[in-house]
Structure formats: structure tokens, C-alpha cells
Amino acid sequence: MNGERNPGAGRRKFLQESAALGGAAALAGIMPSIALAQGAGKIKIGLMLPYTGTYAQLGVAITNGFKLAVQEAGGKLGGREVEYATVDDESEPAKAADNANKIVNRDKVDVLVGTVHSGVQMGMVKIARETGILHIIPNAGLGAATTQLCAPNIFRTSFANAQTTYPMGQVMAKKGHKTAVSITWRYAAGEEMVAGFKDSFTKGGGKVVKELWLPFPNVEFQALLTEIASLKPDAVFAFFAGGGAAKFLKDYQAAGLKGKIPLYGSGFLTDGILEAVGNAADGVETTLHYGDGIDTARDKAFRLAYAKTYKLNPDVYAVQGYDAGLLLAAGLKAVKGDIGKKKEIIAAMEKAQIDSPRGKWTMSKGHNPVQDFYLRKVVGQENKVVSVAMKALDYPPAALCKMSR
Ligand code: PHB
């Protein structure tokens with residue numbers, strides 16, 4: 001049987017090889033017993049993303065970006081038509097392993113793409129390591145996914161949380177800020193974002209005088225904003241995203257802090273939400289691997305195609321989804337769509353140089369993008385790129401990944 005007549009065969013081979021490579025055990029019960037003729041020849045992509053809750057629009061942008069890349073490749077990957085299975089993960093860590101398990105073993109996808117939330121990502125990484133499924137992370141910055149918990153079959157097209165904030169701490173210190181208060185959600189992403197910022201801010205002579213936390217996805221900021229007003233730090237560092245970021249920016253302004261205590265963050269604070277916040281974000285400076293006005297032909301073409309297709313402006317999440325599509329296309333092209341050729345797919349994905357709207361990037365040894373970080377400033381409805389804050393940043397270092405092959 002070949003992959004065309006028996007689409008399950010390649011997937012089985014991939015899972016078997018993966019399990020052997022990764023040393024994973026429990027394959028029993030997860031392999032499809034009979035390959036279905038229905039959908040023969042198609043590559044099945046599982047999209048496990050948030051489609052409800054505070055990160056809903058992030059999940060939609062990633063989906064749009066991924067599908068645009070497939071559409072631009074003629075609707076095919078490695079010469080094979082593409083079909084999708086979708087699950088709304090609700091940014092709910094408690095349901096993560098179960099949801100991932102279902103999409104891999106019940107829906108029998110060939111590739112697992114997701115997710116946004118680092119807590120949910122933990123459950124997905126667990127299932128990816130157990131089953132060996134080819135897994136692409138299009139957002140969640142969980143550091144361990146590409147360091148301590150790295151694996152040959154796990155790739156990321158976005159960032160590590162601390163990678164996005166390490167440049168910000170340096171920028172803030174260089175501006176001469178001596179004291180800062182951090183404010184974020186208490187979960188893996190918030191903790192890692194603060195750690196990255198704190199690392200470079202303290203190296204630059206700054207001091208974090210207070211860390212303020214809320215449970216995810218709580219947006220009752222009032223008491224904490226009052227505390228910031230009384231602490232009077234030189235600067236505030238924040239990580240919020242999606243609906244929560246929009247609410248935070250509006251509350252910061254309403255509390256009278258805008259223009260008084262400068263606000264900084266990773267670019268998630270201001271990406272994809274500027275239309276919703278009026279002038280509340282004006283002047284906020286952030287660091288991120290994408291921004292407005294990158295002005296390359298590649299970026300312009302992407303933005304035009306995205307706007308035409310979805311009647312929306314793309315944001316960083318759309319770019320990460322798009323790049324997940326580009327990365328998978330590179331992997332499957334190398335094997336002409338034969339998903340069973342795991343080693344070759346992984347090798348092609350490892351050496352792919354992604355010609356991204358954000359600028360070209362390469363894969364670290366831990367399978368996280370080594371990429372430039374821009375300093376951006378909100379001007380009107382744009383996250384205007386001001387400068388490159390750090391070039392080709394690998395952080396936390398991929399050397400923390402000990403991958404057994
Ligand atoms: C995460 O949970 O890793 C996360 C979520 C939203 C972002 C960035 C990181 O915008």
C-alpha cells in the first residue's frame with residue numbers, strides 16, 4: 001500500500017518512527033486500524049486553538065494566516081490536498097491533554113497545530129511527546145517546549161515568552177529608568193515574560209520594585225492600578241494580550257496613569273487591539289518580532305493578500321500562523337507529501353529558512369525561531385517600528401535543549 005491509496009499508512013509510520021525516536025511507549029490503541037478511503041490522499045491538519053474567550057481573536061488570526069499560506073501554495077502541501085479538524089481549546093489548561101489526545105487519536109490528524117496559551121501548550125507538548133505526532137506551535141511561548149521539553153517532532157514558529165521581553169528590559173534600562181513595577185497574569189506566560197524583562201533590566205542597572213499579579217483571565221485591574229499610582233515607579237512593564245490587553249490599556253488611561261508613568265511591554269500588549277482602544281495606547285513602546293512599517297516587499301505582499309482575503313489587517317498572530325503553513329510546506333515538499341518520512345520532514349524543517357513577513361528567520365537547535373526583535377511605538381492605529389532592538393536573538397538559549405534522536 002502506498003500513501004495515496006492508504007492515507008493512514010504514512011501517519012502510522014510517522015507515529016511509529018516518532019515513538020521510536022523519542023523513546024515514547026504507549027502506541028497501543030492510538031493507531032488507526034483501518035485506513036478510510038474517504039479523504040484519501042489528503043493531509044489532515046489539526047488546529048487546536050482558542051476560538052472563545054480572551055484569546056479568541058488570536059486563534060482566528062492564526063487560523064487565517066495558516067490557511068492563507070496553504071491557499072498561496074495552491075491549496076496543497078507537498079502536492080496533497082489539505083483538510084482540517086478543529087478544536088476550540090478555550091485557553092483552558094485543565095482540558096488540554098484531553099483535547100489534544102482526541103484530535104490526534106480520534107480525528108487522526110497528520111499534523112497538530114496549536115496553540116496560544118502556554119498552560120494549554122503544556123498539555124499539547126505532553127501528547128506530542130507521547131505520540132510523536134508532528135507538532136507546530138504557532139504562538140504559545142512556553143519556554144520549556146523548545147528547551148527542557150524539546151523533541152524532534154515539536155517545532156515553534158512564534159517565540160519563547162522571555163525572548164520577547166528580554167529586549168524590552170534593556171531598552172528601558174538604556175532610557176535611564178531605575179525602578180519599575182511589573183503587572184501581568186499569574187501563569188507560565190506571565191511569569192516567563194516578567195523573568196525575561198527582569199533579567200536584562202537588572203543587568204542594565206534597573207530594579208523591579210514590585211511584581212503585581214492577577215489570575216488568568218481576570219481583568220479587574222483597578223486595585224492594582226491604584227497601587228501603581230502610590231508606588232510611583234519610573235516605569236511600568238505589562239504583559240496582557242487579546243481582550244485583556246485592550247481592557248488594561250483603557251483602564252490605565254482611565255486611572256490617570258497614561259502620560260504620567262510610561263508603560264512598556266512585549267508587543268502583545270498592543271498588537272491586534274489598537275482599533276478597540278481609541279487613543280489609550282498612544283506612545284506605548286513594546287518589543288516584538290513584528291510591527292507596522294517593516295516595509296519589505298515580502299511584508300507588503302503578505303499584508304495585501306491577507307487584507308484582500310479576510311477584510312482585516314494582519315497582526316503578529318496572523319504572521320505566526322502563516323509561517324506555520326510555510327514551515328510545514330517546506331517539510332512536506334522535501335518528501336513530496338509522504339508524511340511517513342519523518343526524519344526527512346524534520347531535517348527539512350530544521351534547515352528551512354522562513355521567508356516571513358517579519359523578516360527571514362531560522363530554527364534554533366531547540367526548534368524555536370532565531371529572529372530579530374523590533375522596538376515599536378504606538379502612533380495612531382499603528383505599532384510603528386522604531387529600530388531593531390536585538391538581532392538574531394536565541395533566548396532562552398537553545399543549548400538548554402538536549403534532544404535525543
Ligand atoms: C502564552 O500564553 O504563551 C501567550 C498568550 C498570548 C500571547 C503571548 C503568549 O499574546
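Both backbone and side-chain heavy atoms feed into the values below; hydrogens, waters and symmetry mates do not. The structure displayed is predicted, hence computed values, not measured ones. Order of listing sets the numbers, starting from 1, for every ligand and every atom in it. Start at 1 with the first residue, then count along the sequence.
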- request: Can you spot which of Asp323, Asp372, Asn368, Asp355 makes a side chain to side chain donor-acceptor pair (under 3.5 Å) with Trp361?
  value: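 Per the side chain to side chain donor-acceptor pair (under 3.5 Å) rule, the option paired with Trp361 is Asp323, out of Asp323, Asp372, Asn368, Asp355.
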field: Neighbour count >12 (heavy atoms, 6.0 Å) for atom NZ, Lys232
entry: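 No, because the 6.0 Å sphere around NZ of Lys232 holds 12 heavy atoms or fewer from other groups.
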Aromatic ring proximity, centroids under 6.0 angstrom, [Y] and [X]:
| X | Y | value |
| --- | --- | --- |
| His177 | Phe201 | no |
| Tyr264 | Phe239 | no |
| Phe268 | Tyr55 | no |

What are the atoms of ligand 1, with element, lying closer than 4.0 Å to any heavy atom of [X]?
| X | result |
| --- | --- |
| His117 | 2 (O) |
| Ala189 | 1 (C), 2 (O), 3 (O) |
| Tyr187 | 1 (C), 2 (O), 4 (C), 5 (C) |
| Ala241 | 6 (C), 7 (C), 10 (O) |

message: Tell me the protein heavy atom at minimum distance from atom 10 (O) of ligand 1, and give that distance in Å.
response: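 Nearest protein contact, heavy atoms only, for atom 10 (O) of ligand 1 is Tyr317 OH, 2.8 Å.
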field: atom 4 (C) of ligand 1: nearest protein contact (heavy atom, Å)
entry: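 In this structure, atom 4 (C) of ligand 1 has Val116 O, 3.4 Å as its nearest protein heavy atom.
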- prompt: When you look for heavy atoms under 4.0 Å from ligand 1, do you find them on the side chain of Trp185, its backbone, both, or neither?
  reply: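 The answer is neither.
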message: Below a 4.0 angstrom heavy-atom separation, can you tell me which part of Asn161, side chain or backbone, both or neither, approaches ligand 1?
response: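 Answer for Asn161: side chain.
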message: Any heavy-atom pair between the side chains of Phe66 and Tyr84 that's under 4.5 Å?
response: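 Counting from C-beta outward, Tyr84 and Phe66 do come under 4.5 Å.
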- request: Please determine if Ser118 has a nitrogen or oxygen closer than 3.5 Å to a nitrogen or oxygen of ligand 1.
  value: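 There is such a contact, yes.
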- prompt: Is there a nitrogen or oxygen of Gly141 sitting under 3.5 Å from a nitrogen or oxygen of ligand 1?
  reply: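 The answer is yes, given that Gly141 and ligand 1 share an N or O pair closer than 3.5 Å.
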task: Locate the shortest heavy-atom distance separating Gly132 from Lys342; write the atom from each residue and the value.
output: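 That would be O-NZ, 3.9 Å.
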query: Which is closest to atom 9 (C) of ligand 1 in terms of heavy atoms, Thr54, Asp315, Asn139?
result: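 Nearest heavy atom to atom 9 (C) of ligand 1 lies in Asn139.
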- request: Walk me through it: do Phe159 and Tyr290 pass the test ring pair (Phe, Tyr, Trp, His ring centres under 6.0 Å)?
  value: CA-CA 11 Å; Phe159 55 86; Tyr290 192 58; over 10 Å; no
